[in-house]
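Numbers here simply count residues along the sequence, with the first being 1. Just so it is clear, the values below take in all heavy atoms, side chains as well, and ignore hydrogens, waters and symmetry mates.
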Amino acid sequence: MTTNIDRDEIIAQATSTLAASHPEWDAAEIERVAREELAAIADSPVQDFLLVLTERATKRRLKRR
C-alpha cells in the first residue's frame, strides 16, 4: 500500500509545534532544520512516523546549539 506523504505539511506541523513550545527559537531556523531532517529520512521504507521523527530530530539539533 502506497501513501502520499505531504512533506510540506510535515514541515509546517513540526515547525508550528516546535515554535509554540520553544518561542526562543527562530521559526525560520526551525523550518530550515526540519527540512534538512526530513530530507535525511524521507526515503526510508517506513513512512508512518515521518512527522514525529522529523520533529524529534529537529528539536534535538536545536537544543544542541
Side-chain angles (χ1 to χ4, degrees):
M1 181 161 115
T2 304
T3 59
N4 258 347
I5 304 298
D6 185 346
R7 292 190 170 119
D8 288 332
E9 184 60 27
I10 291 172
I11 298 300
Q13 286 183 26
T15 300
S16 175
T17 299
L18 291 171
S21 61
H22 295 281
E24 70 277 13
W25 294 346
D26 180 59
E29 179 69 3
I30 295 170
E31 181 179 346
R32 184 188 67 73
V33 173
R35 286 191 184 283
E36 290 174 4
E37 292 298 333
L38 179 58
I41 62 171
D43 293 328
S44 67
V46 178
Q47 299 283 298
D48 295 336
F49 303 105
L50 288 179
L51 174 59
V52 173
L53 295 172
T54 299
E55 191 175 310
R56 286 182 183 171
T58 301
K59 184 177 182 178
R60 189 172 35 251
R61 267 183 63 187
L62 290 172
K63 278 188 168 186
R64 282 188 281 191
R65 291 187 318 151

Quiz item: Distance from Arg35 atom CZ to Thr58 atom OG1, nearest 0.5 Å?
Solution: 11.0 Å

Quiz item: Are the side chain of Thr17 and the backbone of Gln13 linked by a donor-acceptor contact shorter than 3.5 Å?
Solution: yes

Quiz item: Rounded to the nearest 0.5 Å, how far apart are CD of Glu37 and CZ of Arg60?
Solution: 7.5 Å

Quiz item: So how far is it from Leu62 CG to His22 NE2, rounded to the nearest 0.5 Å?
Solution: 8.5 Å

Self-check item: Distance-minimising heavy-atom pair for Gln47 and Ile41
Solution: NE2-O, 4.4 Å

Quiz item: How long is the gap from CG on Asp43 to CD1 on Ile5, to the nearest 0.5 Å?
Solution: 11.5 Å

Quiz prompt | For the student: nearest non-hydrogen atoms of Leu51 and Ala14, plus distance | solution = CD1-N, 3.8 Å

Self-check item: Where Thr15 and Ala34 come nearest, the two heavy atoms and their spacing
Solution: OG1-CB, 4.4 Å

Exercise. Using the rule that two of Ile, Leu, Val, Met, Phe, Trp, Tyr join whenever any of their side-chain heavy atoms come within less than 4.5 Å, decide whether Trp25 and Ile11 are in one cluster.
Key: no

Exercise. Give a yes or no on whether Arg56 atom CZ has more than 12 heavy-atom contacts from other residues, nucleotides or ligands under 6.0 Å away.
Key: no

Quiz item: Of all heavy-atom pairs between Leu50 and Thr54, which one has the smallest distance, and what is that distance?
Solution: O-OG1, 2.7 Å

Quiz item: Are Glu36 and Arg61 close enough, and set up right, to give a salt bridge (Lys or Arg N to Asp or Glu O under 4.0 Å), and what steps lead you there?
Solution: CA-CA 11 Å; Glu36 290 174 4; Arg61 267 183 63 187; 2.7 Å; yes

